[in-house]
Visitor: 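The structure's right below; bear with me while I get my questions together.
So you know, we letter chains A, B, ... as the sequences are listed, proteins then strands, and number each from 1. Just so it is clear, the values below take in all heavy atoms, side chains as well, and ignore hydrogens, waters and symmetry mates.
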Amino acid sequence: MVVTGCGAVSAVGATSAAFWQALLMGRSGIARLPRLVAAQLPVTVGGEVVAVPLDRADRDVVLANRAIDEALGVARLERSAVGFIWATGLDTYQEGDRGPVFRAAGSCFAALAHPFGEPRRMVAAACAAGTQAIGEAYWHVRAGHVDACVAGGSSCMLSPFYIIGFAALQALAADDGDDPSSACRPFDRRRHGFAVSDGAGGLVLESLEFARRRGAPVLAEIAGFGMSQDRYDLNRPPEDGSGAERCLRRAVEDAGLLPREVDAVNAHATGTRVGDLAEAAAIRRFFGNAWTSKPVSSLKGAIGHAMAAAGALEAVAAVETCRTGVVPPTVNLGEPDDGCELCHVIGRPRHDDVRTVLSASFGMGGQNAAVLFRRLP
Amino acid sequence: MIYLVAAAERRSADQLPDEPARLRRDFRRFNLPVQLALAAATDVLPAAEDPASMAVVSLAPCQNGSPELYRWAEAAIAAGSAGRFGATRMNPTHTLHVIDNLALSAFAIAYGTDGYCLGVGGAPGQAWSGLEIICNRLADGREREALLMAGDQAAVADATGSRGVALLFSARRRPYVALGRPVEFVAIEHRRRPAPQPVAAHAAAGLCDLLGALALRGGGPIAYEVPAEQTDGIDQVTVLLRVA
């Protein structure tokens, strides 16, 4: 199973190349947003995608289609020739002339899905949705139900509704200083929550045989997928990270590998107090004593938390890491917190000839998903 | 071979079993579509052999949220038009009402489920995707049992007319509780329509109608053609069943 196309639209770039370069440079797309300041919201920072105008009613569709177009362009495939397994985030409200206008995530999916072949499936797994969509596509293509599939996710949730909603859960990073770009600090001692962002990420998955027959570019292999449920609490993971660790282990077992054969981890780490602690514990349990030499990085300090798109954008970065061997740094990580000890990539990218990357997402409610990417020999 | 073992439809979430206690405790935090889906699931679970290892596919409500959340949004927009958006506060419980995988997570927490779990989104026609996923997984031998559950609400501002549904499937030939005879799901066929059809987004309604049609039929093969408005508007969908 291979990846033959990637597309990314994020707060740090409107193409996958721009996205990757920004990650390597350690640049953050988190900023203080005038519209949030003007609305007097409790949180005023976020990762805005400037490439698509804010006032477009179909902004969610346009954003997703940019990533899909890019991925299909690289893979040299048409929509009608591939399946579509995608996550479009959560329902929201928009301001209307006569009160709130409900905007269902399903209507965005329906607008995107029409030109595609079978299957057309919408995944709903909160923050794990993008990774889950890629995993579903992986299983689907591997089972021979379809030759190729576009998979990933998109999200337009950087709105007053979600800022207020997640602020009520005390999950968001406040703008607490002169440098709003440092609001989100995964694994850091001073971390205090995540920054909501918009974005879209997509992959084209197909069998190696189909890709070779078409002469398509092979960017990386998908070697395994795993999922698990925390079975613990709707709002927080178990402190020992046991649910997340089961997910990582299942992805590796699916690939027929051992944890020590994984070279690096693209972490979910959003910058929340409890989430990062549990994830660090999970990664240490997964690797055992080898954790001290396995580089881990989180993208959330750079691009924020793009919800349904988060796992898909991280998958794009994981593919690039497999291709280049380079692990991007965790932006805004200065001093790892007690309990967050890992082999962090701090300050600059790590050139390690990394070939196998585990990309993980841990969703609200305890739904976990992880995809194992590998450089094809 | 995939067999329907039990099914339940709920229009009220008033009566819940005492166990699992965790579900009873969390239940009032959920919005009505999630409550109805979970209530329907509790109705079919006595027929399950091992809830902890079964595959669970949960359909997100086609309209998430709740009347409470809608009223909050009204107040927030009114405040926003006066430049005071930030003055509004949200009850944290209501934030849960937009989470799309809430029923799935609540079920897994209550029943200790850690097998294949998937939340399918609330776009038109996704109920048949959920059904197809379950059929594929049981046919491939990945699980022995599977649960499909869904909850709908008629409108986000008014939850009247809401309903939930749950269907329990087995890879083992067992009688369908409602008919006392085995009901085999043979295939789900798709044919692309020449032109898109208008649709009505739903999660539970289509599955409830399928169960209603099944109850009216005698033995033998059934080709249940899903009404166009209950598909994604792109494909014609036919569910092939066989009642022993």
Visitor: What's the shortest heavy-atom distance between B:Met90 and A:Gly165, and which atoms?
Guide: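 Heavy atoms only, the tightest pair is SD-CA, 3.5 Å.
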
Visitor: Checking B:Ala108 against chain A: side chain, backbone, both or neither under 4.5 Å from a heavy atom?
Guide: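 Both the backbone and the side chain of B:Ala108 come within 4.5 Å of chain A.
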
Visitor: Given a strict heavy-atom distance threshold of 4.5 Å, which part of B:Asn64 is in contact with chain A: side chain, backbone, both, or neither?
Guide: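 Looking at B:Asn64, backbone and side chain both touch chain A.
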
Visitor: Tell me, side chain or backbone of A:Phe109 under 4.5 Å from chain B's heavy atoms, or both, or neither?
Guide: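 Interface part for A:Phe109: side chain.
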
Visitor: Could you look at B:Cys62 and say if it's the side chain, the backbone, both or neither that has a heavy atom under 4.5 Å from chain A?
Guide: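 The answer is the backbone of B:Cys62.
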
Visitor: Can you say whether A:Glu136 sits under 4.5 Å from chain B via the side chain, the backbone, both, or neither, judging by heavy atoms?
Guide: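 Just the side chain, heavy atoms under 4.5 Å.
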
Visitor: Yes or no on side chain to side chain donor-acceptor pair (under 3.5 Å) for B:Asn101 and A:Gln367, after CA distance, side-chain angles and deciding distance?
Guide: CA-CA 8 Å; B:Asn101 63 333; A:Gln367 188 159 1; 3.2 Å; yes

Visitor: Given B:Asp100, which of A:Val123, A:Leu90, A:Asp91 fulfils the side-chain contact (heavy atoms from CB on, under 4.5 Å) condition?
Guide: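 Single pass found, and it is A:Leu90.
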
Visitor: Tell me, out of B:Leu104, B:Asp114, B:Ile109, who's got the most heavy-atom pairs with chain A below 4.5 Å.
Guide: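 Result: the option with the highest number of such pairs is B:Asp114.
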
Visitor: Between A:Trp86 and A:Phe84, how do the two ring planes meet: parallel, tilted or perpendicular, split at 30° and 60°?
Guide: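 Ring orientation of A:Trp86 relative to A:Phe84: parallel.
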
Visitor: At a heavy-atom separation under 4.5 Å, does B:Tyr116 approach chain A through its side chain, its backbone, both, or neither?
Guide: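 Both backbone and side chain.
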
Visitor: Kindly say whether A:Met157 contributes a backbone atom to a donor-acceptor pair with the side chain of A:Asp198 at under 3.5 angstrom?
Guide: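 Present.
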
Visitor: Looking at B:Gly112, B:Ala106, B:Gly65, which makes the most heavy-atom pairs under 4.5 Å with chain A?
Guide: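 When all of B:Gly112, B:Ala106, B:Gly65 are compared, B:Gly112 has the most.
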
Visitor: Please classify the contact between B:Asp235 and chain A as side chain, backbone, both or neither, with a heavy-atom cut-off of under 4.5 Å.
Guide: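 For B:Asp235, backbone and side chain are both near chain A.
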
Visitor: Counting only heavy atoms from other residues, nucleotides and ligands, does the tally under 6.0 Å from CD of B:Glu49 exceed 12?
Guide: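 Enclosed.
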
Visitor: Is there a donor-acceptor contact under 3.5 Å from the side chain of A:Thr88 to the main chain of A:Ala105?
Guide: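 Yes; judged by distance alone, with no hydrogens or angles, the pair exists.
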
Visitor: Which atoms of B:Leu59 are under 4.5 Å from chain A, going by heavy atoms: the side chain, the backbone, both sets, or neither?
Guide: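 It is neither, since no heavy atom gets under 4.5 Å.
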
Visitor: Of the backbone (N, CA, C, O) and the side chain (C-beta and beyond), which part of B:Arg71 lies under 4.5 Å from a heavy atom of chain A, both, or neither?
Guide: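 Neither part, no heavy atoms under 4.5 Å.
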
Visitor: Is it the side chain or the backbone of B:Thr93 that comes within 4.5 Å of chain A heavy atoms, both, or neither?
Guide: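 It is neither, since no heavy atom gets under 4.5 Å.
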
Visitor: Spell out, as yes or no, whether a donor-acceptor pair under 3.5 Å connects the side chain of A:Asn368 to the backbone of A:Cys247.
Guide: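 No; zero donor-acceptor contacts below 3.5 Å.
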
Visitor: A:Ser228 versus chain B, heavy atoms under 4.5 Å apart: side chain, backbone, both or neither?
Guide: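 Contact with chain B: backbone and side chain both.
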
Visitor: Which atoms of B:Ser129 come close to chain A, meaning under 4.5 Å heavy atom to heavy atom: side chain ones, backbone ones, both, or neither?
Guide: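 Answer is both: backbone and side chain atoms of B:Ser129 are under 4.5 Å from chain A.
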
Visitor: What residue, out of A:Met227, A:Glu118, A:Gln132, A:Arg120, has the most heavy-atom pairs lying under 4.5 Å from chain B?
Guide: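 Going by pairs under 4.5 Å, I would pick A:Arg120.
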
Visitor: Please classify the contact between A:Ala126 and chain B as side chain, backbone, both or neither, with a heavy-atom cut-off of under 4.5 Å.
Guide: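 Both the backbone and the side chain of A:Ala126 come within 4.5 Å of chain B.
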
Visitor: With chain A as the partner, which of B:Asp140, B:Leu96, B:Leu69, B:Val199 has the greatest number of non-hydrogen pairs under 4.5 Å?
Guide: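 Most heavy-atom pairs under 4.5 Å with chain A: B:Leu69.
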
Visitor: Is it the side chain or the backbone of B:Gln63 that comes within 4.5 Å of chain A heavy atoms, both, or neither?
Guide: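 Both parts, heavy atoms under 4.5 Å.
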
Visitor: When you check the gap from the basic side-chain N to the acidic O, do B:Arg163 and B:Asp152 get nearer than 4.0 Å?
Guide: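 So B:Arg163 does not pair with B:Asp152 through a salt bridge.
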
Visitor: Where on A:Asn235 is there a heavy atom nearer than 4.5 Å to chain B: the side chain, the backbone, both, or neither?
Guide: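 The side chain, not the backbone.
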
Visitor: Verify, without hydrogens or angle tests, whether B:Asn31 (side chain) and B:His97 (backbone) share a donor-acceptor contact under 3.5 angstrom.
Guide: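 Yes, because the side chain of B:Asn31 sits within donor-acceptor range (under 3.5 Å) of the backbone of B:His97.
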
Visitor: Keeping A:Arg246 on the side-chain end and A:Gln229 on the backbone end, is there a donor-acceptor pair under 3.5 Å?
Guide: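 A pair under 3.5 Å: yes.
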
Visitor: Assess the residue pair A:Arg249 and A:Glu245 against the criterion (salt bridge (charged side-chain N to carboxylate O under 4.0 Å, His left out)); give the C-alpha distance rounded to whole Å, side-chain angles, the decisive distance to 0.1 Å, and a yes or no.
Guide: CA-CA 6 Å; A:Arg249 193 170 294 281; A:Glu245 191 250 349; 2.6 Å; yes

